[in-house]
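Source: prediction; values computed, not measured. Quick note on labels: first sequence line is chain A, next is B, and so on, each numbered from 1. Any value given below was found using the heavy atoms of this structure, including those in side chains, with hydrogens, waters and symmetry copies removed.
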Amino acid sequence: MTGKDVLIALESRFGPDIGPRQTVRDGTPTLWVARSALHQVLRHLKDERDPPYRMLYDLTAIDDRMRRQPPDGPARDFTIVYHLLSLQGAEQIRLKVALSGDSPSLPTVTDIWPAADWYEREAWDMFGIRFDGHRHLRRILLPPTWEGHPLRKDYPARATEKGCFTLSEAKEDAEQEALRFHPEEWGMARQSESSDFMFLNLGPNHPSVHGVFRVVLQLEGENVVDAVPDIGYHHRGAEKMGERQSWHTYIPYTDRVDYLGGVNNNFPYVMAVEALAGIAVPERAQVIRVMLAELFRIASHLVFYGTMAQDVGALSPVFYMFSDRERVFEIIEAICGARMHPGWFRIGGVAQDLPAGWDKMVKEFVQYLPPRMDEYDDLVMNNRLFKMRTKGVGAYDLDTAIEWGATGPSLRACGLAWDMRKQRPYSRYEAFEFDIPVGCRGDCYDRTAVRVEEIRQSLRIIGQCLAGMPEGPYKSDHPLATPPDKARTMHDIETLIDHFLNVSWGPVIPPGEAAICVEATKGLNSYYLTSDGGTMSYRTRIRTPSFPHLQMIPLICRGRLLPDLIAVLGSIDFVMADVDR
Amino acid sequence: MMGLAKVFGILLVLVILAALLTWVERRLLGLWQDRYGPNRVGPAGLLQVVADMIKILFKEDWVPPFSDRLGFILAPAIVMASLLVAFAAIPITPDIDIWPMNGIGLLFILAMISLSVYSTVLGGWASNNKYSLVGALRAVAQMLSYEVFLGLSLLGVVLQAQSFDLRQIVAAQAGLWFVVPQFLGFVVFMTAGIAAIHRLPFDLPEAESELTAGFHTEYSSMKFGIFFIGEYVGIVLVSAMLATLFFGGWLGPVLPPLLWFLTKTGAFIAFFILLRAALPRPRYDQLMAFGWKLLLPLALLNLMVTAAILLAT
């Protein structure tokens, strides 16, 4: 069933409730739905359609009030966008609902997908859109005392537009008091029949929460009765920044989203811009991108491997793995000149060609790591204590994973061999041979094992890049590629004009929208870009894998012990910047 | 006067050794973890200990206003005092010891080790901090369970040597070290010993990845320093006991007795550090199950078999 068939089927079934189709640049079937029919349509797509769209991949909003020309579709002030994903194949569908007025509202879909909980809270926080029937519609990324909804277009993007900031002692106290946890607000009891519960504030500064993440635990002894994750301490407004940076200068910002994933953040962003601009990327650039993405996957998984071992109390592995990661960084440094945040991808290709001698470094590394990985298996994966701590801990089944929007290794650990690189290959992944490691129990051990095996598969891919690196340009000669080609500027006036405009303004990307999704280190990462024909993005939506993964924490920790929670946190492999953006 | 000099002499050396152990541990961990460890201050980084001590002494000695002041201050003193006093009963060589306590040395040491848990409990309780409280709870449970076979595992040795006197136990090993006939007892005692001084993999009361620093989360300055040194005194104590009870104490050919004692004790210290470098931490319920379901039966089995054989011969 192609995307068009889905639209036809929906239109014939729901008739007048289905609005116009929309043409987008990424080819995802996109459809407007009447607010009143939203529930029925979503239910239908999730439960009745064959194959069903089982995952709520993303839910976000757009403030349409300041477009430079009237957008496609019905007249509106705000748009709510639902991205659904079918895991039989990689079919996506995008549904949009038009909203009007200054305080718009629509019914919640948390009754269809529990994963919608945090997404709807985020849309409320950022856009002030109310979701009727949501159980805890409160701010999620910003502090409870915040005023205004920052992703609205009339909200200032720069601190200098907001007047002087002062923090009096009284205000400081009030802010702190606002962070106090009140169990009653979350429907939690303070005591059971037999005992008083202890409410333990784990984080935002705690050695095992991997950054600034707070989770409030309702404990009975060491048993976790319930947990409430609190995120937002790492929120930097990455999406808002996208609306103020040129299409080109935003690239380095993406590096900082999943700061362990490096170019895996550049990847979906530049591909989305390329889809909007219609740029074809040369083969060599594609393979260079794949190679760097896999190197970063190894670097990120090594950090995970070491810290996971450390979270269950093993002191040493993290040192070995960090020094191996250092070797990855040496290669990345030789190619990009930077280590964790190379900002190396460009619209239309990569920043520079590979340096002389890159192949020798990569070859050495590809030979060096496999025996080390075998040693680490003995040290960690085959260690009986490690197995005791991780097997059967934090387990969830495949249905739960899909229901809650888990992707990447967290999904594959449940037994589904679903990897975007195979399902919908991008950047020539179809030309590489590699396997998709899967687990079966979906517990902490399997999540670790899947990632460990992925390191080996990434090495295979890198080996193939090494053997078959195509010749040719490393960047497209399309006029919108950045920075534009300079060689011929002094020879013909067209190139000179393109170059001048592209460098001084940055590229002007034609109106439209595109969302591109890649298999990043921690799961599916996508950038959903909307252009209104300017030098800056009209709306940049970053869908990160860690966000829905953290939402699952209470679900998988209830009834377990405190140390299990730490093992679960380690096994999720999240980065707070990736959650909060 | 001589006696007093001996007491302070030995204890001073012990405390200094314990402080030096912080350096040894960091260097050994560095060696095993492919890195250097402290190597900047003084020759091979030896003066790092001095630097740390100066730093820790000059830190603000803070007692949290929400804590129970008396218990908070008492806690670090208890661990240091009880473990140092326990050391008094250890015969280092035939000539060097503080107070051999004829006949009851072993019982005295076990009693003192048991007392030392009050420090953890009191510290965790008096801190009035949730992490400390959980750490203290774990310490109680762990100590209650592991103390049972800490003593039981040694009864085989006592039976064979026919004495609680440490000198006589060492003397009884002149032919064969007890580690051979009492191997089960040795394994159980070592495990329980590590649990008693809560070193990794049994460091659940402080489990830094779970409880930040567990029972001593609120401690700073020299009070923290005393907990820290106390832990190392504990390592030395358990290592010295292992050497004395199972490896013939000062006995050994050629080398002087003192050197033998130090070598054996040092080897166990290094082994404890290696354990820390090599193993993850079990969960609290797994630790309990391991103790009650495996170590206790083993200790009892060892005791009965030893008794049976002794009765038969």
Contact residues of residues 218-232 of chain A (partner chain B; heavy-atom separation under 4.5 angstrom):
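Listed by number, the contacting residues are A:Glu222.
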Euclidean distance, [Y] [atom2] relative to [X] [atom1], rounded to 0.5 Å:
X	Y	atom1	atom2	result
B:Leu279	A:Arg384	CG	CZ	11.5 Å
B:Lys130	A:Leu202	NZ	CG	11.5 Å
A:Gln310	B:Arg281	CD	CZ	9.5 Å
A:Leu315	B:Ile273	CG	CD1	12.0 Å

Can you tell which part of B:Arg35 gets under 4.5 Å to a heavy atom of chain A, answering side chain, backbone, both or neither?
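Contact with chain A: side chain only.
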Does any backbone or side-chain atom of B:Leu137 lie under 4.5 Å from a heavy atom of chain A? Answer side chain, backbone, both or neither.
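When you check distances to chain A, no heavy atom of B:Leu137 falls under 4.5 Å.
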Do you know which two heavy atoms are closest between [X] and [Y], and how far apart they sit?
X	Y	answer
B:Pro280	A:Asn383	CD-ND2, 3.4 Å
A:Leu200	B:Tyr131	CD2-CE2, 3.8 Å
B:Arg138	A:Pro563	NH2-CG, 3.5 Å
A:Arg389	B:Arg283	CD-N, 3.4 Å

Please check if atom [atom1] in [X] has more than 12 non-hydrogen atoms from other residues, nucleotides or ligands closer than 6.0 Å.
X	atom1	answer
B:Phe227	CZ	yes
B:Lys59	NZ	no
A:Glu169	CD	no
B:Lys55	NZ	no

Which answer fits A:Met198, side chain, backbone, both or neither, if we ask what part of it has an atom under 4.5 Å from a heavy atom of chain B?
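Side chain only.
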Hey, is the main chain of B:Ala278 close enough, under 3.5 Å, to the side chain of A:Ser316 for a donor-acceptor pair?
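A pair under 3.5 Å: no.
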